[in-house]
There are 2 protein chains.
Amino acid sequence: MKPSGDAKPAYIAVATRRFAMDGFYGTSLSHLAKDSGVSKQALLHFFKTKEALYEATLTALAERMMQDLIACHHAEPAQWLSDYFMILCQNACADPTDLRLVMHALLDSDHNARKWPLKPYLDKLLVIIAHTNGGHKMSTAKRINWLLQMNGMINYHIISHTAMLGMYGEQVLADTFNALRSSISAQARLLE
Amino acid sequence: MKPSGDAKPAYIAVATRRFAMDGFYGTSLSHLAKDSGVSKQALLHFFKTKEALYEATLTALAERMMQDLIACHHAEPAQWLSDYFMILCQNACADPTDLRLVMHALLDSDHNARKWPLKPYLDKLLVIIAHTNGGHKMSTAKRINWLLQMNGMINYHIISHTAMLGMYGEQVLADTFNALRSSISAQARLLE
DNA sequence: ATGCTAACTTACCAATCGGTAAGTGGTCAA
DNA sequence: TTGACCACTTACCGATTGGTAAGTTAGCAT
């Protein structure tokens, strides 16, 4: 075959979906191989261990999120954040894969002290927050708190979606999603 | 031995800690057995399958959370909620086990359509919300949204703790926790 | 043509997984 | 005393896990 790393991103894409659905321990190399249409050892050829493949997946996730943030740049920082999180919410509702992966990674981050690939992304967000009218007079802790609150709100909504759907039905949940959007606006308005 | 189910809660307690840390797939019966100081088959004697043990763990969790909610009853519903979530936050910071278990269960709830044991607890919370001055004129969707926002805020803070600690250090994180407490107050004040 | 390397495959491995079968030993009612 | 029953144990099972070893096949520079 060609000496190109063309297949690698495809394997990472498959792994992203699986790891996001079932977590690190719930996903096996054979599953990933079957999904990718290759043998298990094809994956081990590119990624020396399952752990390495997982880290590559998280790194790709971090780059994607950073790009999404940059993509909706706006001169007014408060508007930038408002736009970004609204779009993030919209995308995550259509496809929760990435946010699920974030949550799984957070829950796993206890017992393996892996370097957290999302740090540049978070730092970028904190810088933008610091440039807003409301944010520049906040302490670092309060900026982090604002961020955790925004992310927590959105992520929790998304990963609760299946459970809430089963409990309270489709119609109520659609309205809840609208309520979430206005909560995002309200949270963003705190920085104006 | 005695024909008593005395050991069962102890096994569930061990399972709670393990499942909360590593999730369903990351936890094996042999690990649970070793932690409990008995053989793997002792567990299978009480709980027919690993899945059954997991469900028992979640049921116990649901009862515990309901009890905690009832325990801090207050005649004024808005104050009740404010007190409850403040205490929940305090406890979860000291021992994140229960909230981690909730998050794991939420992430798992996609592909096995298990009945969600936390529904009575959530319903109780929604009733209390409906009795507040601010909550009784809300739609069901808005009440759910308020709840998801409050829970999301707290839970996300807690499970991010390890990662944030590694990224931003101890001092900043302690301040962030204080900021979370005032955010909880602010969120509770929306119902007054 | 030849040798090198990248991208795989088949074959295999020990370890561990959840779970079954068949006891063992103690307690208690009859 | 007996026998049922409960809380467990040892022994074992086939399936699957992550990972190794040793090819095989194809493109490409020399």
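Here is the naming used below: chain letters follow the sequence lines, and residue numbers restart at 1 for every chain.
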Integer-rounded Å distance: [N] [atom2] and [X] [atom1]:
| X | N | atom1 | atom2 | value |
| --- | --- | --- | --- | --- |
| A/Tyr25 | D/dG18 | OH | C1' | 13 Å |
| A/Leu44 | D/dA21 | CG | C1' | 13 Å |
| B/Leu32 | D/dC8 | CG | C1' | 17 Å |
| B/Lys8 | D/dC6 | NZ | P | 12 Å |
| B/Arg18 | C/dC17 | CZ | P | 10 Å |
| A/Phe24 | D/dT17 | CZ | P | 13 Å |

Name the closest nucleotide to the [X] side chain, picking from [options].
| X | options | result |
| --- | --- | --- |
| A/Ala7 | D/dC8, D/dG18, C/dC8 | C/dC8 |
| A/Ser30 | D/dA7, D/dT17, C/dG19 | D/dT17 |
| B/Phe46 | D/dG19, C/dG19, D/dA7 | D/dA7 |

What is the distance from atom [atom1] of [X] to atom [atom2] of [Y], rounded to the nearest 0.5 Å?
| X | Y | atom1 | atom2 | result |
| --- | --- | --- | --- | --- |
| A/Leu69 | A/Arg64 | CG | CZ | 14.5 Å |
| B/Leu118 | B/Thr59 | CG | OG1 | 9.0 Å |
| B/Thr140 | A/Gln171 | OG1 | CD | 11.0 Å |

N or O in side chain of [X] less than 4.0 angstrom from [N] OP1/OP2:
| X | N | value |
| --- | --- | --- |
| B/Ser28 | C/dC17 | yes |
| B/His45 | D/dA7 | yes |
| B/Tyr11 | D/dA7 | no |

Identify the two heavy atoms, one from B/Ala78 and one from B/Glu192, that lie closest to each other, and give their separation to 0.1 Å.
CB-CG, 4.1 Å
For B/Leu44 versus B/Thr49, what's the shortest heavy-atom pair and its separation?
CD2-CA, 4.2 Å
Where do A/Tyr156 and B/Tyr156 land on the ring pair (Phe, Tyr, Trp, His ring centres under 6.0 Å) test, with the steps shown first?
CA-CA 7 Å; A/Tyr156 194 75; B/Tyr156 195 75; 9.3 Å; no
In A/Leu125, A/Leu88, A/Leu122, the residue satisfying side chain to side chain contact (heavy atoms under 4.5 Å, CB included) with A/Met65 is A/Leu88
Sub-4.0 Å heavy-atom contacts from residues 33-42 of chain B onto DNA chain D, ordered by number:
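Correct list: B/Val38, B/Ser39, B/Gln41, B/Ala42.
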Under 4.0 angstrom, heavy atoms only, what part of the nucleic acid is A/Phe47 near: base, sugar-phosphate, or nothing?
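If one applies the 4.0 Å heavy-atom cut-off, A/Phe47 turns out to touch nothing in the nucleic acid.
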So A/Leu29, base contact, sugar-phosphate only, or nothing? Heavy-atom distance under 4.0 Å.
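It contacts sugar-phosphate atoms only.
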For DNA chain D, whose closest nucleotide is more 5', that of A/His31 or that of A/Lys48?
A/His31
